[in-house]
Amino acid sequence: MKAPASAPATGSTAEPQEPRWLTDEEQRVWRSFMEGATLLDDHLDRQLQRDAGMPHIYYGLLVKLGEAPRRRLRMTELAMLAKITRSRLSHAIARLEKNGWVRREDCPDDKRGQFAVLTDEGHQVLRQTAPGHVEAVRQAVFDRLSPEQQKSLGEIMRIIAEGLQPAEAGADLPWLR
């Protein structure tokens with residue numbers, strides 16, 4: 001994200017605004033963030049594939065359902081909580097249904113709505129998988145950071161997440177696609 005050698009012509013008569021290129025330090029921080037996030041996601045995905053035969057995203061869906069009242073959520077709410085598109089959620093739920101870990105139920109008060117429900121088998125898989133997953137998270141993140149760094153990381157990520165979820169109507173958020 002550094003300045004290119006030459007900027008392309010825009011065809012406009014107005015002078016183009018120069019992009020706010022990242023400084024060398026910002027570039028270092030950005031690349032460190034991206035490398036860490038990519039490696040962490042891969043590490044957790046491999047752990048869950050090895051221990052439970054599921055990707056990280058599926059585990060996250062099971063967790064959300066396990067925490068919900070009656071272990072069920074409307075599909076639209078589950079997509080919002082998981083921060084994924086409805087299409088990706090539908091595909092994931094179909095795979096979890098094949099495993100017998102989740103089932104869909106029609107919403108009685110909305111003909112178009114559906115619930116995703118964590119089955120007893122899915123709840124058991126979640127209970128068996130959680131200890132290994134929490135240990136992988138602890139070793140990869142929390143054991144490497146001081147309590148102050150943990151607090152800072154939480155605050156920083158909360159600020160980033162809030163800034164990427166504008167409240168105005170028409171926002172382009174994954175669960176609305």
Tabulate below the donor-acceptor pairs under 3.5 Å that side-chain atoms of residues 130-138 make, not counting sequence neighbours, or state none.
from	atom 1	to	atom 2	distance (Å)
H133	ND1	Q47	OE1	3.0
E135	OE2	Q139	NE2	3.0

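- A salt bridge links R71 with D120: the distance from a Lys NZ or Arg NE/NH1/NH2 to an Asp or Glu carboxylate oxygen falls below 4.0 Å.
- Salt bridge annotation for E25-R28: present, with a cationic side-chain nitrogen under 4.0 angstrom from a carboxylate oxygen.
- Under the 4.5 Å side-chain heavy-atom criterion for ILVMFWY residues, no single connected hydrophobic cluster contains both L145 and L39.
- Side-chain N or O atoms of T129 include none that pairs as donor or acceptor with a backbone N or O of A52 at under 3.5 Å.
- Under the 3.5 Å distance criterion, the side-chain polar atoms of S152 are matched with a main-chain donor or acceptor of E148.
- In this view, F33 and W30 satisfy the ring pair (Phe, Tyr, Trp, His ring centres under 6.0 Å) rule, not counting sequence neighbours.
- Remark: I156 CD1 to K151 NZ distance equals 12.0 Å, nearest 0.5 Å.
- Applying the 6.0 Å contact sphere to NZ of K83 captures more than 12 heavy atoms from other residues, nucleotides or ligands.
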Exercise. Check the pair R158 / E155 against side chain to side chain contact (heavy atoms under 4.5 Å, CB included), numbers first and verdict last.
Key: CA-CA 5 Å; R158 191 172 23 264; E155 291 169 354; 3.6 Å; yes
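- Taking both residues in full, the closest heavy atoms of L73 and K64 are given as CD1-O, 3.8 Å, listed atom of the first, atom of the second, then distance.
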Practice problem: Applying side chain to side chain contact (heavy atoms under 4.5 Å, CB included), run through L153 and V141 and close with a yes or a no. | Solution: CA-CA 10 Å; L153 178 62; V141 179; 4.3 Å; yes
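- When every heavy atom of Q165 is checked against every heavy atom of L173, the shortest pair comes out as CA-CD2, 3.9 Å.
- Summarising the local packing, CZ of R95 is surrounded by 12 or fewer heavy atoms from other residues, nucleotides or ligands at distances under 6.0 Å.
- Closest of all the heavy-atom pairs between A116 and L65 is O-CD2, 3.3 Å.
- Residues M34 and I159 do not share a hydrophobic cluster, clusters being chains of Ile/Leu/Val/Met/Phe/Trp/Tyr side chains in contact below 4.5 Å.
- Atom-to-atom distance recorded for D51:CG and Q128:CD is 11.0 Å, nearest 0.5 angstrom.
- Between the side chain of T119 and the backbone N or O of W101 there is at least one donor-acceptor pair closer than 3.5 Å.
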Exercise. Assess whether side chain to side chain contact (heavy atoms under 4.5 Å, CB included) is satisfied between L61 and L89, documenting all intermediate values.
Key: CA-CA 9 Å; L61 295 172; L89 175 65; 3.7 Å; yes
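- A chain of hydrophobic side-chain contacts below 4.5 Å, direct or via other Ile, Leu, Val, Met, Phe, Trp or Tyr residues, connects L48 to V63.
- In this structure, CG in L81 is found 9.0 Å from CH2 in W175, a value given to the nearest 0.5 Å.
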Quiz item: Should I93 and R104 be marked as a side chain to side chain contact (heavy atoms under 4.5 Å, CB included) after you check the CA-CA gap, both sets of side-chain angles, and the distance that decides it?
Solution: CA-CA 8 Å; I93 293 297; R104 294 183 213 220; 3.5 Å; yes
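- Here the shortest heavy-atom pairing between P55 and D45 reads CA-OD1, 3.2 Å.
- How far CD of E121 is from CG of L126: 12.5 Å, rounded to the nearest 0.5 Å.
- Of all heavy-atom pairs spanning A68 and R72, the tightest one is CB-O, 3.5 Å.
- A single hydrophobic cluster is not seen to contain both F115 and M80; linkage of ILVMFWY side chains at heavy-atom distances under 4.5 Å, directly or through other members, places them apart.
- In this structure, the side chain to side chain donor-acceptor pair (under 3.5 Å) partners of R74, at least two apart in sequence or on a different chain, are D110.
- Here the straight-line distance linking atom CZ of F142 with atom CD of Q149 works out to 12.0 Å at 0.5 Å rounding.
- Residue L118 holds its CG atom at 10.5 Å from CD of Q124, rounded to the nearest 0.5 Å.
- We find that R103 and E97 are not joined by a salt bridge, their nearest charged nitrogen and carboxylate oxygen being 4.0 Å or further apart.
- Under a hydrophobic clustering in which Ile, Leu, Val, Met, Phe, Trp and Tyr are joined whenever their side-chain heavy atoms come within less than 4.5 Å, directly or via other members, M157 and V29 fall into different clusters.
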